Undergrad: 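Can you read through this structure? Questions will come right after.
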Amino acid sequence: MQSRMKRWLRGGLSRPTLLGALALIAVALVCAPVWADEEEEEASPTVAEPNLDGPDLWIPSLSIGFLMHVQDQDARVISGLGANSANSTTDGLASPGFRFDVSLATPALFESELEPRIFAQVGAQVILEEEFTAYRSIDSYSPGLSPPVPSAVIGANCGISENPFDPITGCTIRNRVETQINSQWYVGTGFQIVIPAWQRQVRLRTAVDYLGQSFSMTGTTSRDIQGRGETVYSSPVSSSTTHAVGASLQGDALVYRWRDLRVSLFLETRFAWIVSGGQQVFSTVDSDPANLTTYSIEPDPFIAQGGGGIRFSWLPNWTW
């Protein structure tokens with residue numbers, strides 16, 4: 001199955017393009033000009049532009065952008081074929097993605113150049129990488145290995161032949177567990193201030209967020225018996241949802257305004273810790289209990305994200 005990332009790469013999107021876009025946003029926060037309305041007076045190049053938000057206005061916003069999601073995971077085979085393998089590896093949950101959110105900022109809490117506001121936000125994230133290899137292992141069981149494998153271990157993994165004149169002498173067990181992040185979403189509330197920087201007004205936002213994640217996991221075990229062929233055992237899809245609490249920090253700078261519309265570029269970072277919905281245990285399906293394999297996956301409690309994008313804010317003169 002092709003991953004989301006591979007499909008985007010075939011469509012012309014490359015990893016350097018993603019990294020370059022993030023760098024472009026960072027540069028734009030510092031260097032991009034602000035185009036004023038023709039009716040508005042141009043600000044002095046040596047003085048930060050005046051704050052045009054209006055302290056008495058409610059400010060709804062729509063943001064789109066992309067992010068880098070980084071999170072480890074712990075996966076293993078806890079019983080059955082290939083359990084306690086010493087030849088296993090695990091990959092982390094690291095992938096770029098897209099993020100979308102809406103927010104609403106209150107009027108200024110009190111009169112100040114910082115124009116402090118409280119805001120609420122709700123958003124969704126789509127991870128580009130479709131599947132992550134949570135666990136992989138390969139082990140051979142044979143009395144000819146050094147050191148020799150005990151016959152009980154060979155029998156537990158390779159099975160016992162019903163014909164005493166045709167014994168099973170060895171086998172190879174391969175295990176693989178795949179993880180998929182179906183969706184991520186967040187809800188938060190925080191505090192916003194405005195500070196002058198780089199000849200413009202920069203809005204700083206800090207928030208406390210709830211971050212949810214929806215996971216799907218599958219496991220596959222293959223047993224290749226010498227001279228008898230290979231048999232594959234698979235698990236049904238297992239799903240879980242995690243719940244995390246964390247904090248986010250954003251900085252955005254105005255780059256365009258037209259009437260009641262404001263357009264800003266922003267950078268953000270978020271750190272969160274899972275507080276509920278950790279370890280998931282599931283097994284392959286087979287009529288013979290001796291052929292079952294049980295897997296365990298646990299996403300790392302710590303989640304780190306960083307990214308940027310563009311924010312559209314609407315500042316009408318509200319009437320009630």
Side-chain angles (χ1 to χ4, degrees), residues 1-10 15 69-97 126-142 145 149 153-159 168-184 213-242 274 277-301 303:
M1 180 182 294
Q2 296 291 332
S3 69
R4 293 190 184 99
M5 174 60 75
K6 291 178 180 178
R7 291 198 295 267
W8 279 85
L9 292 177
R10 289 204 311 268
R15 288 184 176 88
H69 176 88
V70 179
Q71 181 181 10
D72 290 331
Q73 58 181 338
D74 178 28
R76 60 190 184 275
V77 174
I78 58 177
S79 66
L81 304 180
N84 303 314
S85 172
N87 304 304
S88 62
T89 58
T90 297
D91 295 340
L93 303 165
S95 173
V126 179
I127 299 300
L128 291 180
E129 191 68 32
E130 187 171 87
E131 289 182 341
F132 303 89
T133 301
Y135 179 89
R136 66 171 72 87
S137 67
I138 178 170
D139 293 277
S140 295
Y141 301 90
S142 172
L145 298 177
V149 180
V153 175
I154 296 176
N157 286 277
C158 304
I168 295 176
T169 58
C171 67
T172 299
I173 303 295
R174 296 178 177 87
N175 281 306
R176 189 177 186 91
V177 180
E178 301 286 349
T179 305
Q180 178 177 339
I181 300 178
N182 299 318
S183 60
Q184 297 187 145
Q213 296 177 291
S214 172
F215 288 94
S216 294
M217 306 95 163
T218 57
T220 302
T221 298
S222 69
R223 177 166 62 184
D224 188 359
I225 300 177
Q226 298 174 6
R228 299 172 187 260
E230 184 178 24
T231 304
V232 178
Y233 308 94
S234 299
S235 73
V237 177
S238 180
S239 300
S240 69
T241 301
T242 63
I274 293 177
Q279 186 181 37
Q280 187 77 1
V281 177
F282 55 100
S283 303
T284 55
V285 176
D286 191 79
S287 57
D288 186 352
N291 297 331
L292 295 182
T293 304
T294 301
Y295 315 98
S296 170
I297 298 180
E298 184 174 11
D300 192 89
I303 301 169

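Fair warning: this is a prediction, and the values are worked out from it, not measured in the lab.
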Undergrad: With no hydrogens and no angle check, just 3.5 Å: does a side-chain donor-acceptor pair link Arg136 and Thr89?
TA: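 Present: a donor and an acceptor within the cut-off.
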
Undergrad: For side chain to side chain contact (heavy atoms under 4.5 Å, CB included), just list the numbers for Gln73 and Met217, CA-CA rounded to whole Å, side-chain angles, deciding distance to a tenth of an Å, and then say yes or no.
TA: CA-CA 12 Å; Gln73 58 181 338; Met217 306 95 163; over 6 Å; no

Undergrad: Under 3.5 Å, is there a donor-acceptor pair between the Thr221 and Asn175 side chains?
TA: yes

Undergrad: Work out which heavy atom in Ser137 is nearest to a heavy atom in Ser88; give both atom names and the distance.
TA: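 Shortest heavy-atom separation between Ser137 and Ser88 comes out as CB-CB, 3.8 Å.
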
Undergrad: Is there a side-chain contact between Thr220 and Tyr233 (heavy atoms, below 4.5 Å)?
TA: no

Undergrad: Which is it for Phe215 and Asn182 under the side chain to side chain contact (heavy atoms under 4.5 Å, CB included) test, yes or no, and what are the steps along the way?
TA: CA-CA 6 Å; Phe215 288 94; Asn182 299 318; 5.6 Å; no

Undergrad: Would you tell me whether Gln180 and Glu131 have side-chain atoms, one donor and one acceptor, within less than 3.5 Å of each other?
TA: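 On atom types as modelled, these side chains do not qualify, holding no pair under 3.5 Å.
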
Undergrad: To the closest 0.5 Å, what do you measure between CD (Gln213) and CG (Leu93)?
TA: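 Output value for this atom pair is 7.5 Å.
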
Undergrad: I'd like to check the ring-ring contact (aromatic ring centres under 6.0 Å, His included) partners of Phe282; sequence neighbours left out, ordered by chain and number.
TA: Tyr295

Undergrad: With rounding to the nearest 0.5 angstrom, report the CD1 to OG distance, Ile173 to Ser140.
TA: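 OG of Ser140 is found 9.0 Å from CD1 of Ile173.
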
Undergrad: Can any side-chain N or O of Gln71 pair as donor or acceptor with the backbone N or O of Asp300 at less than 3.5 Å?
TA: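 Yes, Gln71 side chain to Asp300 backbone: donor-acceptor pair under 3.5 Å.
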
Undergrad: Measure the CD1-CD distance between Ile127 and Gln184 for me, rounded to the nearest 0.5 Å.
TA: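 So the gap between those two atoms works out to 4.5 Å.
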
Undergrad: Identify the heavy atoms of Gln280 and Ser239 that sit nearest to each other, and give their distance.
TA: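 Minimum heavy-atom separation between Gln280 and Ser239: NE2-O, 3.2 Å.
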
Undergrad: Looking only at atom types and distance, does a side-chain atom of Arg176 sit under 3.5 Å from a main-chain N or O of Thr133, one as donor and one as acceptor?
TA: no

Undergrad: Report the C-alpha separation of Ser222 and Val232 in whole Å, then their side-chain angles, then the decisive distance to 0.1 Å, and conclude whether the side chain to side chain contact (heavy atoms under 4.5 Å, CB included) test is met.
TA: CA-CA 4 Å; Ser222 69; Val232 178; 4.1 Å; yes

Undergrad: Can you tell if the side chain of Asp74 reaches within under 4.5 Å of the side chain of Thr90, non-hydrogen atoms only?
TA: no

Undergrad: I need the Glu130 CD to Glu178 CD distance, nearest 0.5 Å.
TA: 10.0 Å

Undergrad: Under the salt bridge (Lys or Arg N to Asp or Glu O under 4.0 Å) definition, can you give me all pairs with a residue in residues 277-295, not counting sequence neighbours?
TA: none

Undergrad: With side chains defined as the heavy atoms from C-beta onward, is the minimum distance between Val77 and Ser85 less than 4.5 Å?
TA: no

Undergrad: What are the two closest heavy atoms between Pro299 and Thr242, and how far apart are they?
TA: CG-CG2, 4.4 Å

Undergrad: Is there side-chain contact between Thr284 and Asn291, with at least one heavy-atom pair below 4.5 Å?
TA: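 SC-SC contact between Thr284 and Asn291 ruled out.
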
Undergrad: When rounded to the nearest 0.5 angstrom, what distance separates CD1 in Ile78 from OG1 in Thr294?
TA: 5.5 Å

Undergrad: Closest heavy-atom contact between Val237 and Ser216?
TA: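 It is CG1-CB, 4.0 Å.
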
Undergrad: Heavy atoms, side chains only, cut-off 4.5 Å: are Phe132 and Asp91 in contact?
TA: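 Sidechains of Asp91 and Phe132: no contact.
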
Undergrad: Do you know the tightest heavy-atom contact between Tyr141 and Cys158?
TA: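 Tyr141 and Cys158 have their closest heavy atoms at CB-SG, 3.9 Å.
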
Undergrad: Looking at Val285 and Pro236, what are the two nearest heavy atoms and their distance?
TA: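 Of all heavy-atom pairs spanning Val285 and Pro236, the closest is CG2-CD, 3.5 Å.
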
Undergrad: Where the side chain of Asn157 meets the backbone of Leu81, is there a donor-acceptor pair that is under 3.5 Å apart?
TA: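 The answer is no, because no donor-acceptor pair under 3.5 Å joins these two groups.
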
Undergrad: Would you say Gln226's side chain and Ile168's backbone share a donor-acceptor pair under 3.5 angstrom?
TA: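 A pair under 3.5 Å: no.
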
Undergrad: What's the separation between atom OG in Ser240 and atom CD1 in Ile297, rounded to the nearest 0.5 Å?
TA: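 Taking OG in Ser240 and CD1 in Ile297, the distance rounds to 8.5 Å.
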
